[in-house]
Protein chains: 2
Amino acid sequence: MTPLLTAQARLERYIERQGLKQTRQRSVILEAFLAAGSHLSVEEVLRAVQAVQPAIGAATVYRTLKLFVEAGLAHERNFGDGQARYEAAHDDEHHDHLICTDCHTIFEFEEPEIERRQAEVADKHGIRLRSHRHEIYGECVERERCPRWPRS
Amino acid sequence: MTPLLTAQARLERYIERQGLKQTRQRSVILEAFLAAGSHLSVEEVLRAVQAVQPAIGAATVYRTLKLFVEAGLAHERNFGDGQARYEAAHDDEHHDHLICTDCHTIFEFEEPEIERRQAEVADKHGIRLRSHRHEIYGECVERERCPRWPRS
DNA sequence: ATGAATGCAAATAGTTTGCACCTAA
DNA sequence: TTAGGTGCAAACTATTTGCATTCAT
């Protein structure tokens with residue numbers, strides 16, 4: 001389960017291969033990003049980053065998160081609330097999402113049969129499958145267990 | 001296959017029930033929206049509308065498309081290009097989307113087994129399924145058939 | 001008459017970009 | 001030394017909102 005290379009090492013490798021430069025900001029942002037949780041908005045990452053290095057600006061965080069995606073270290077998600085969310089990539093693992101529209105809890109799921117049918121569909125339409133997005137929206141059945149259901 | 005009520009009639013019924021008002025704009029926008037195609041951006045709808053009634057403003061189109069969604073006449077889609085797209089609702093029909101990332105062609109698909117598994121997943125997590133989004137991205141296998149593959 | 005709808009312009013939110021300065025290689 | 005990176009502020013894009021005016025009921 002332990003990756004062959006740490007995320008920091010994978011970032012370094014990518015940066016080197018692309019002829020880019022290693023910077024303090026990039027490593028700080030990666031560390032904060034990995035530590036802060038999952039499905040984070042840019043704003044959330046920015047907050048975590050600035051807790052450590054207040055001088056790091058929002059533009060850098062935007063640029064760096066995109067770099068992480070290119071480097072295969074993160075995935076960008078869009079759950080329809082108008083802001084991008086980022087999630088650390090765990091190699092070889094794939095999952096889709098289930099979102100409670102009341103409390104915004106995000107569950108992850110994996111359903112090989114769905115993946116298989118999906119591949120068939122792409123095939124049938126003459127499309128080379130590159131990626132997909134599959135999200136299920138609903139509400140927690142037991143509201144008592146749902147931490148943030150609407151108050152009113 | 002012919003709906004029991006025309007879209008215009010369904011809109012009128014919704015407007016009446018909600019105590020809203022019938023306006024020339026709403027009926028013009030609905031007509032243009034239905035005639036102009038599918039998976040249209042607001043800008044595209046606006047163009048179609050203004051071809052008929054140049055005085056109708058963008059804000060009205062935004063507001064009216066949301067009204068159509070509330071009335072069950074349209075679906076809002078988000079294919080990750082940062083702008084909402086609208087599609088006429090055909091009652092009782094449901095489909096998901098397959099998008100060519102080169103030519104932006106949008107195919108529709110329906111896969112009951114996927115729907116079924118999806119319902120199971122929601123169940124398993126204690127979520128009452130309300131809606132979902134399932135999109136498959138890839139490129140046309142035969143570029144010659146793909147009307148807009150990148151030139152460079 | 002009166003409350004809703006419209007059209008405009010201004011405001012917003014998230015994100016991107018231009019540019020002068022900084023820094024890793 | 002010198003390309004690439006950073007931080008700030010300004011620009012951008014899609015969308016929403018405030019408000020005076022118009023219109024359906």
Side-chain angles (χ1 to χ4, degrees), chain A residues 8 11-33 39-47 49-71 74-86, chain B residues 8 11-33 39-47 49-71 73-86 104:
Chain A
Q8 291 284 355
L11 179 58
E12 278 171 39
R13 192 182 54 175
Y14 179 80
I15 283 176
E16 189 162 351
R17 282 187 183 171
Q18 303 295 309
L20 306 178
K21 284 171 181 168
Q22 200 63 44
T23 66
R24 183 182 44 81
Q25 287 85 334
R26 285 173 175 171
S27 113
V28 167
I29 293 170
L30 180 54
E31 185 157 3
F33 169 61
H39 312 109
L40 299 165
S41 65
V42 178
E43 202 196 347
E44 289 167 333
V45 177
L46 179 62
R47 260 202 295 278
V49 164
Q50 292 191 331
V52 183
Q53 292 279 334
I56 294 179
T60 301
V61 172
Y62 274 100
R63 290 188 275 232
T64 303
L65 287 170
K66 286 202 183 302
L67 177 73
F68 293 170
V69 172
E70 283 163 31
H75 294 299
E76 183 179 329
R77 308 281 181 201
N78 253 277
F79 296 139
D81 61 347
Q83 65 189 330
R85 291 180 179 277
Y86 292 85
Chain B
Q8 292 285 355
L11 179 59
E12 278 171 38
R13 193 183 51 175
Y14 179 81
I15 284 175
E16 188 162 353
R17 283 186 183 172
Q18 302 295 310
L20 307 177
K21 283 172 181 168
Q22 199 64 45
T23 66
R24 183 182 44 81
Q25 286 86 333
R26 285 173 175 168
S27 112
V28 167
I29 294 170
L30 180 55
E31 186 156 2
F33 168 62
H39 313 109
L40 300 164
S41 66
V42 177
E43 203 196 345
E44 288 167 333
V45 176
L46 179 62
R47 261 203 294 279
V49 164
Q50 292 190 332
V52 183
Q53 293 279 331
I56 293 178
T60 301
V61 172
Y62 274 100
R63 289 187 276 231
T64 304
L65 287 170
K66 286 201 182 305
L67 178 73
F68 293 170
V69 172
E70 283 162 33
L73 291 165
H75 295 300
E76 184 180 327
R77 307 281 181 201
N78 253 277
F79 297 138
D81 61 346
Q83 63 188 331
R85 291 181 179 277
Y86 291 85
H104 303 106

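A, B, ... follow the sequence lines: proteins, then strands. Residue 1 opens every chain. Nothing here was measured: the structure is a model prediction, and the numbers come from that model.
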Inset, instruction - Would you please confirm or rule out a distance under 4.0 Å between OP1 or OP2 of dT16(D) and any side-chain N or O of Lys66(B)? - result: yes
Inset, instruction - For Ala58(A), report the nucleic acid contact type (base, sugar-phosphate, nothing); a contact means any heavy atom under 4.0 Å. - result: nothing
Inset, instruction - Using atom CD of Glu12(A) as one end and atom C1' of dA24(C) as the other, report the distance to the nearest whole Å. - result: 13 Å
Inset, instruction - Give a yes or no on whether the backbone of Lys21(B) and the side-chain of Arg26(B) come within a donor-acceptor separation of less than 3.5 Å. - result: yes
Legend entry - Touch class at under 4.0 angstrom, heavy-atom based, for Ala55(A) against every strand present: sugar-phosphate
Legend entry - Atom-to-atom span, CD of Gln53(A) to P of dG5(D) - whole angstrom: 18 Å
Inset, instruction - Between Val42(B) and Gly19(A), name the one whose nearest nucleotide on DNA chain D is closer to the 5' end. - result: Gly19(A)
Legend entry - Sub-4.5 Å side-chain heavy-atom contact between Phe68(B) and Ile29(B): yes
Inset, instruction - Nearest whole angstrom, please: distance from the C1' of dG4(D) to the CD of Gln22(A). - result: 13 Å
Inset, instruction - Kindly say if Gln25(A) contacts the phosphate of dT23(C), meaning a side-chain N or O under 4.0 Å from OP1 or OP2. - result: no
Inset, instruction - Measure the distance from CG on Asn78(A) to P on dG14(C) and round it to the nearest whole Å. - result: 12 Å
Legend entry - Arg63(A) (side chain) and dG7(D) (base): donor-acceptor pair under 3.5 Å: yes
Inset, instruction - Ignoring backbone atoms, establish whether Tyr62(A) has a side-chain N or O less than 4.0 Å from OP1 or OP2 of dT16(C). - result: no
Inset, instruction - Grab the CZ-P distance between Phe79(B) and dA14(D) for me, whole Å please. - result: 16 Å
Inset, instruction - Look at the side chain of Glu12(A) and the backbone N and O of Gln22(A), then say whether any donor-acceptor pair between them is shorter than 3.5 Å. - result: no
Legend entry - Between P of dG14(C) and CD of Glu76(A), the distance in whole Å: 14 Å
Inset, instruction - Let me know the distance between CD of Glu43(A) and P of dT16(C), rounded to the nearest Å. - result: 15 Å
Legend entry - Which nucleotide in dT6(D), dG4(D), dT15(D) has an atom nearest any side-chain atom of Thr23(A): dT6(D)
Inset, instruction - Tell me whether the OP1 or OP2 atom of dG14(C) has a side-chain N or O from Gln83(A) closer than 4.0 Å. - result: yes
Legend entry - Nearest-nucleotide pick for Leu20(A), side chain only, options being dA5(C), dT6(C), dG5(D): dG5(D)
Inset, instruction - Go through dG5(D), dT15(D), dT6(C) for me and flag the one nearest to the Arg26(B) side chain. - result: dT6(C)
Legend entry - Among dA9(D), dT25(D), dC8(C), the one nearest Lys21(B) by side-chain distance: dT25(D)
Legend entry - Any side-chain heavy-atom pair of Val45(B) and Leu65(B) under 4.5 Å: yes
Inset, instruction - Examine distances only and state if a side-chain atom of Gln83(A) and a backbone atom of Val42(A) form a donor-acceptor pair shorter than 3.5 Å. - result: no
Inset, instruction - Report the distance from atom CZ of Arg77(B) to atom C1' of dT15(D), rounded to the nearest whole Å. - result: 20 Å
